Amino acid sequence: MKDENIALFKRFLKTHGINVMFAGMYKQFHFPESPEDVEDYLRKVDAKDAVINAFKFPQNLQKFGPDYWLDIAVKWEETLKVATNGGYYTTAPKAVEKFGREAAKPLREFTAFLHPNGEKPKPVSVTTPPKPRPAISEEQAVTSGFKFLEFEKNPNRRLVAGKISLNTNSGGFRVTFNNEVSEEIKKSKHRFFRIAQRDGDSKLYFIFSDDSQGLEWRESGGNVTFSNKQLVVAMKDFFGIKGVYEQLNISKNMANSKDYLTYSISKA
């Protein structure tokens, strides 16, 4: 990112009260191919991917798990859009100098807010049901250098083979694919997808290919996912889904060619 986006991102994290937490999470859970230092990472990453590509979202954290960071990623994308449309970016010398100072200030020591009056937003809501508080909080553990060991567990919303999830909690409008299908998609290297429908059919079809006219998926915590309000709302309407979270059935790859992957989606 350039100085102006790094400064904006640090303001965003500080406003949400998670600048120190983000730095701690990055230190412990960043991907092997990423820089060791979070400041180097911010220089390297594209602005829109600053949250989604920062680190593996730990499955075993109760508060700061995948749902929390996916919600933060959505809010960061919204912040970028507001900044673009609201005249944040400027080449005025004083502004450029300020961007440079803020970008250079370590994330853990950052003090500036998005809003001049320091107003903080409402806390990001998460979908994880309340559980007994541990002896040491996750935030205290991460920021003080402790590391929670990863282990397999079976939360209520864990995706199993043959399922995808559709989630509109906190306005995220996300679809996430299970591990098996995600690995197949990543291995194919088809970066784009489109959704098709057949007349009289009660199923939808995801078609992954190299067609750049389609939407591009992202990876989060090892799973293929995408956020698109118009598309997710259309899927909810098609399947008659009323709630904010639903798991749908996904078929095996139906394509007979290496040029694309095709999966049918049906209501569970």
Side-chain angles (χ1 to χ4, degrees), residues 1-58 61 63-90 95-96 98-115 120-121 123-126 139 142-143 167 170-174 176 186 191 215-229:
M1 290 192 286
K2 295 181 179 180
D3 281 352
E4 57 265 34
N5 280 331
I6 294 176
L8 180 67
F9 186 63
K10 290 182 176 181
R11 290 184 193 179
F12 167 81
L13 294 178
K14 179 62 178 179
T15 301
H16 282 277
I18 56 172
N19 55 308
V20 175
M21 185 63 184
F22 185 90
M25 293 288 288
Y26 183 87
K27 182 177 181 180
Q28 295 197 30
F29 299 110
H30 71 270
F31 295 103
E33 64 272 16
S34 298
E36 287 292 326
D37 188 82
V38 66
E39 302 295 335
D40 294 334
Y41 165 77
L42 295 180
R43 294 283 177 189
K44 180 180 178 181
V45 71
D46 289 338
K48 63 182 176 61
D49 298 324
V51 177
I52 207 77
N53 286 344
F55 42 79
K56 180 180 179 182
F57 301 155
L61 296 190
K63 178 179 178 182
F64 295 100
D67 280 343
Y68 180 89
W69 292 109
L70 286 170
D71 286 337
I72 288 292
V74 170
K75 292 183 183 299
W76 167 238
E77 290 181 359
E78 293 171 351
T79 299
L80 276 176
K81 291 178 183 177
V82 170
T84 300
N85 298 328
Y88 167 78
Y89 299 101
T90 176
V96 172
K98 184 177 181 180
F99 290 151
R101 288 198 308 269
E102 291 189 357
K105 192 163 187 177
L107 188 56
R108 291 177 179 270
E109 302 171 12
F110 202 77
T111 56
F113 292 90
L114 279 175
H115 311 292
K120 294 184 180 181
V124 176
S125 61
V126 293
E139 185 169 8
V142 171
T143 57
N167 191 345
S170 299
F173 298 96
R174 296 186 303 274
T176 303
K186 289 186 288 185
R191 294 294 309 172
L215 295 174
E216 188 172 8
W217 55 265
R218 295 182 179 179
E219 182 178 352
S220 173
N223 291 80
V224 169
T225 185
F226 68 86
S227 297
N228 184 284
K229 181 176 181 179

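The residues of the chain are indexed from 1 along the displayed sequence. Bear in mind that the values here come from a model prediction, so they are computed numbers and not experimental data.
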(message) For K27, I'd like to know if atom NZ has over 12 heavy atoms of other residues, nucleotides or ligands within 6.0 Å.
(response) no

(request) Calculate, to the nearest 0.5 Å, the distance between atoms CD and NZ belonging to E78 and K75 respectively. (result) 6.0 Å

(message) Tell me every residue that passes side chain to side chain contact (heavy atoms under 4.5 Å, CB included) with E36, counting only those two or more places apart in sequence or in another chain.
(response) H30

(message) I'd like to know whether the aromatic ring centres of F57 and Y68 sit less than 6.0 Å apart in this structure.
(response) no

(request) Rounded to the nearest 0.5 Å, what's the gap from CG on N5 to CG on D46? Could you check? (result) 10.0 Å

(message) Has Y41 got a side-chain atom pairing as donor or acceptor with A54's backbone, closer than 3.5 angstrom?
(response) yes

(request) Report yes or no: does W69 contribute a side-chain atom to a donor-acceptor pair with the main-chain N or O of F64 at less than 3.5 Å? (result) yes

(message) Once rounded to the nearest 0.5 Å, what's the spacing between atom CE of M21 and atom CZ of R108?
(response) 10.5 Å

(request) Would you give the length of the straight line joining atom CG of N53 to atom CZ of F31, rounded to the nearest 0.5 angstrom? (result) 7.0 Å

(request) For K186 and G222, indicate whether the former's side chain and the latter's backbone hold a donor-acceptor pair under 3.5 Å. (result) yes

(message) Regarding R218 and E77, does a basic nitrogen lie under 4.0 Å from an acidic carboxylate oxygen?
(response) yes

(request) Not counting sequence neighbours, which residues clear side chain to side chain contact (heavy atoms under 4.5 Å, CB included) with R43? List them please. (result) D3, I6, A103

(request) Evaluate side chain to side chain contact (heavy atoms under 4.5 Å, CB included) for I52 paired with L70, printing each intermediate quantity in order. (result) CA-CA 7 Å; I52 207 77; L70 286 170; 3.6 Å; yes

(request) Report the distance from atom CG of N85 to atom CG of L80, rounding to the nearest 0.5 Å. (result) 10.5 Å

(message) For a side chain to side chain contact (heavy atoms under 4.5 Å, CB included) check, start with the C-alpha distance between S34 and F55, then their side-chain angles and the critical distance, and finish with the verdict.
(response) CA-CA 9 Å; S34 298; F55 42 79; over 6 Å; no

(request) Could you walk me through whether R174 and D67 pass side chain to side chain contact (heavy atoms under 4.5 Å, CB included), step by step? (result) CA-CA 10 Å; R174 296 186 303 274; D67 280 343; 4.0 Å; yes

(request) Mind checking side chain to side chain contact (heavy atoms under 4.5 Å, CB included) for A50 and listing every partner two or more places apart, or none if nothing turns up? (result) M1, F9, V45, W76

(request) Could you tell me which residues satisfy side chain to side chain contact (heavy atoms under 4.5 Å, CB included) with E39, sequence neighbours excluded, listed by chain and number? (result) K10, D37, L42, P106, L107

(message) I'd like to check the salt bridge (Lys or Arg N to Asp or Glu O under 4.0 Å) partners of D40; sequence neighbours left out, ordered by chain and number.
(response) none

(request) Calculate, to the nearest 0.5 Å, the distance between atoms CG and CG belonging to N167 and D71 respectively. (result) 7.5 Å

(message) Using the side chain to side chain donor-acceptor pair (under 3.5 Å) criterion, which residues pair with N19? Sequence neighbours excluded.
(response) none

(message) Is there a side chain to side chain contact (heavy atoms under 4.5 Å, CB included) between I72 and F12? Walk through the geometry before answering.
(response) CA-CA 10 Å; I72 288 292; F12 167 81; 3.9 Å; yes

